[in-house]
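I have placed the structure first, in the form of structure tokens, so that the comments after it can refer back to it.
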Amino acid sequence: MKYFLRYKKLYRVLVSIFLLLNIEGSAQEKLLKNIISDTTYHTSLDITEISGNLLSVTYKTLPGNQSGQLQNKLWVWRASEVPWKYAPMAEQYLPKDATESGSYVIENLKIAIDTKYIVCYSVGAEVTQICTCTTLDGNTKSLEKRWVSIKLIEVNQNSISFTYETLSGYLPKTYNNWFGVWEGEASPYNLTKALAKGTPSDDSNINQGSLTNLSMDIGQTYTFIYFVGSEESQAASIIRFTMR
């Protein structure tokens with residue numbers, strides 16, 4: 001009888017979790033019912049080769065980015081997370097002819113075993129403009145990737161609500177992050193006037209935000225962009241969506 005009651009209690013807990021997940025999924029679907037489709041873009045970084053004194057990386061940034069001319073940069077620390085206030089063991093601007101995607105070799109490193117490294121990419125010259133990182137274990141050579149991400153949670157003709165996630169230890173408000181929405185398939189490298197702009201409310205690296213007092217038309221495409229610096233070229237993530 002004792003075991004039966006335990007199993008019955010466990011069954012009730014599992015059923016409750018199942019129902020909660022389904023309710024949350026249905027709610028999310030309902031909140032985004034006003035969108036026909038959406039496409040997300042973000043910057044990513046991969047390590048393709050490791051040796052005793054060099055790292056080979058490939059990168060893919062946002063469509064249209066001229067990474068060399070816009071002072072995009074690679075960074076390396078001996079750490080598992082970015083130590084924002086401390087100098088890296090290496091930093092390197094991309095070549096002037098670098099574009100939105102490509103590869104690069106960081107030389108003159110000393111990769112030790114049993115040591116973690118973090119390799120990062122910034123969309124500007126400053127460390128505060130880092131938008132993606134890959135963590136490397138010098139012993140097992142395992143990789144863990146993170147990037148600045150955004151996700152729509154509710155959209156209607158008058159407002160947008162969303163979540164954003166930056167890197168661990170990052171301070172979005174202090175580091176001049178901002179976001180905005182534009183009509184059409186807008187590019188951060190050739191922007192017109194925004195329908196609305198906003199800034200993070202605090203320095204939490206994971207939070208929610210919103211833009212209100214909008215007037216978005218059914219059937220029209222819009223572009224939502226999150227920036228990790230004050231310049232328009234310092235965009236980290238994009239969502240393009242079409243209103244239903």
Side-chain angles (χ1 to χ4, degrees), residues 27-44 61-65 70-72 82 84 121-133 146-244:
Q28 180 69 16
E29 183 178 350
K30 184 177 180 181
L31 291 174
L32 293 179
K33 69 182 186 302
N34 296 317
I35 294 179
I36 296 174
S37 62
D38 64 281
T39 305
T40 301
Y41 305 87
H42 64 82
T43 298
S44 60
T61 66
L62 302 181
N65 182 24
L70 294 173
Q71 294 187 304
N72 288 197
V82 178
W84 297 98
Y121 187 103
S122 65
V123 289
E126 303 299 325
V127 68
T128 57
Q129 291 147 12
I130 286 175
C131 61
T132 185
C133 293
R146 292 193 65 181
W147 55 83
V148 173
S149 62
I150 51 177
K151 183 179 180 180
L152 300 176
I153 56 176
E154 184 175 4
V155 178
N156 59 54
Q157 289 182 269
N158 302 311
S159 67
I160 297 174
S161 297
F162 59 92
T163 60
Y164 60 87
E165 180 173 351
T166 59
L167 302 174
S168 298
Y170 191 82
L171 307 176
K173 186 174 182 179
T174 298
Y175 296 160
N176 297 315
N177 286 199
W178 61 287
F179 43 81
V181 63
W182 285 261
E183 189 174 25
E185 296 181 347
S187 167
Y189 313 107
N190 191 30
L191 286 174
T192 57
K193 184 178 179 180
L195 296 179
K197 296 180 182 180
T199 58
S201 59
D202 57 32
D203 275 330
S204 173
N205 75 304
I206 302 174
N207 210 336
Q208 295 186 4
S210 64
L211 293 169
T212 58
N213 298 318
L214 303 176
S215 180
M216 295 190 291
D217 297 326
I218 295 173
Q220 177 62 269
T221 296
Y222 296 88
T223 302
F224 176 75
I225 309 176
Y226 188 96
F227 303 82
V228 290
S230 58
E231 299 296 325
E232 292 179 347
S233 62
Q234 292 161 356
S237 191
I238 295 173
I239 298 178
R240 288 177 176 151
F241 61 93
T242 301
M243 295 295 295
R244 186 189 300 277

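Keep in mind that this is a model prediction, so the values were computed, not measured.
- Between Y175 and Y170, the angle of the ring planes goes over 60°, which puts this pair in the perpendicular group of the 30/60° scheme.
- A distance of 6.0 Å or more separates the ring centres of Y226 and F162.
- P200 approaches F179 most closely through the heavy-atom pair N-CE2, 3.7 Å.
- Here the shortest heavy-atom pairing between Q157 and D217 reads NE2-CA, 4.2 Å.
- At a threshold of 4.5 Å between non-hydrogen side-chain atoms, the residues I160 and M216 count as touching.
- Residues F241 and F224 keep their aromatic ring centres 6.0 Å or farther apart.
- The two residues G184 and T223 make their nearest non-hydrogen contact at O-OG1, 2.6 Å.
- Using a 3.5 Å distance cut-off with no hydrogens or angles, the side chains of Y164 and N177 do not pair a donor with an acceptor.
- Side chain of S237 to backbone of Y41: a donor-acceptor contact under 3.5 angstrom is found.
- At a cut-off of 3.5 Å, with distance as the only test, a side-chain donor of T174 or D203 sits close to an acceptor on the other residue.
- Between atom CG of residue D202 and atom CG of residue N207 there is a gap of 5.0 Å, rounded to the nearest 0.5 Å.
- With rounding to the nearest 0.5 Å, the separation of CD in E232 from CH2 in W178 is 5.0 Å.
- Within the 4.5 Å cutoff, the side chain of M243 has heavy atoms near those of the V155 side chain.
- Of the inter-residue distances, the one linking H42 atom NE2 with I238 atom CD1 reads 11.5 Å to the nearest 0.5 angstrom.
- Counting non-hydrogen atoms of other residues, nucleotides and ligands closer than 6.0 Å to CG of N213 gives a total of 12 or fewer.
- Ionic pairing of K151 and E165 is not present here: no N-O contact between side-chain nitrogen and carboxylate oxygen is shorter than 4.0 angstrom.
- Between T192 and W182 the shortest heavy-atom distance is O-NE1, 2.9 Å.
- S215 contributes atom OG, which lies 7.0 Å from atom CG of N158 (distance to the nearest 0.5 angstrom).
- Under the 3.5 Å distance criterion, the side-chain polar atoms of S159 are left unmatched by any main-chain donor or acceptor of L211.
- Atoms CG and OG1, on L171 and T166 in that order, are 8.0 Å from each other to the nearest 0.5 Å.
- T242 and T221 share a side-chain donor-acceptor pair at under 3.5 Å.
- Closest of all the heavy-atom pairs between I35 and R244 is O-NH2, 3.2 Å.
- For R240, there are no salt bridge (charged side-chain N to carboxylate O under 4.0 Å, His left out) partners two or more places apart in sequence or in a different chain.
- For the residue pair C131 and L167, the shortest heavy atom distance occurs at C-CD1, 4.4 Å.
- The structure places OG of S149 at 9.0 Å from CD1 of I239, a figure rounded to the nearest 0.5 Å.
- When the shell of 6.0 Å around CG of N190 is examined, it contains 12 or fewer heavy atoms from other residues, nucleotides or ligands.
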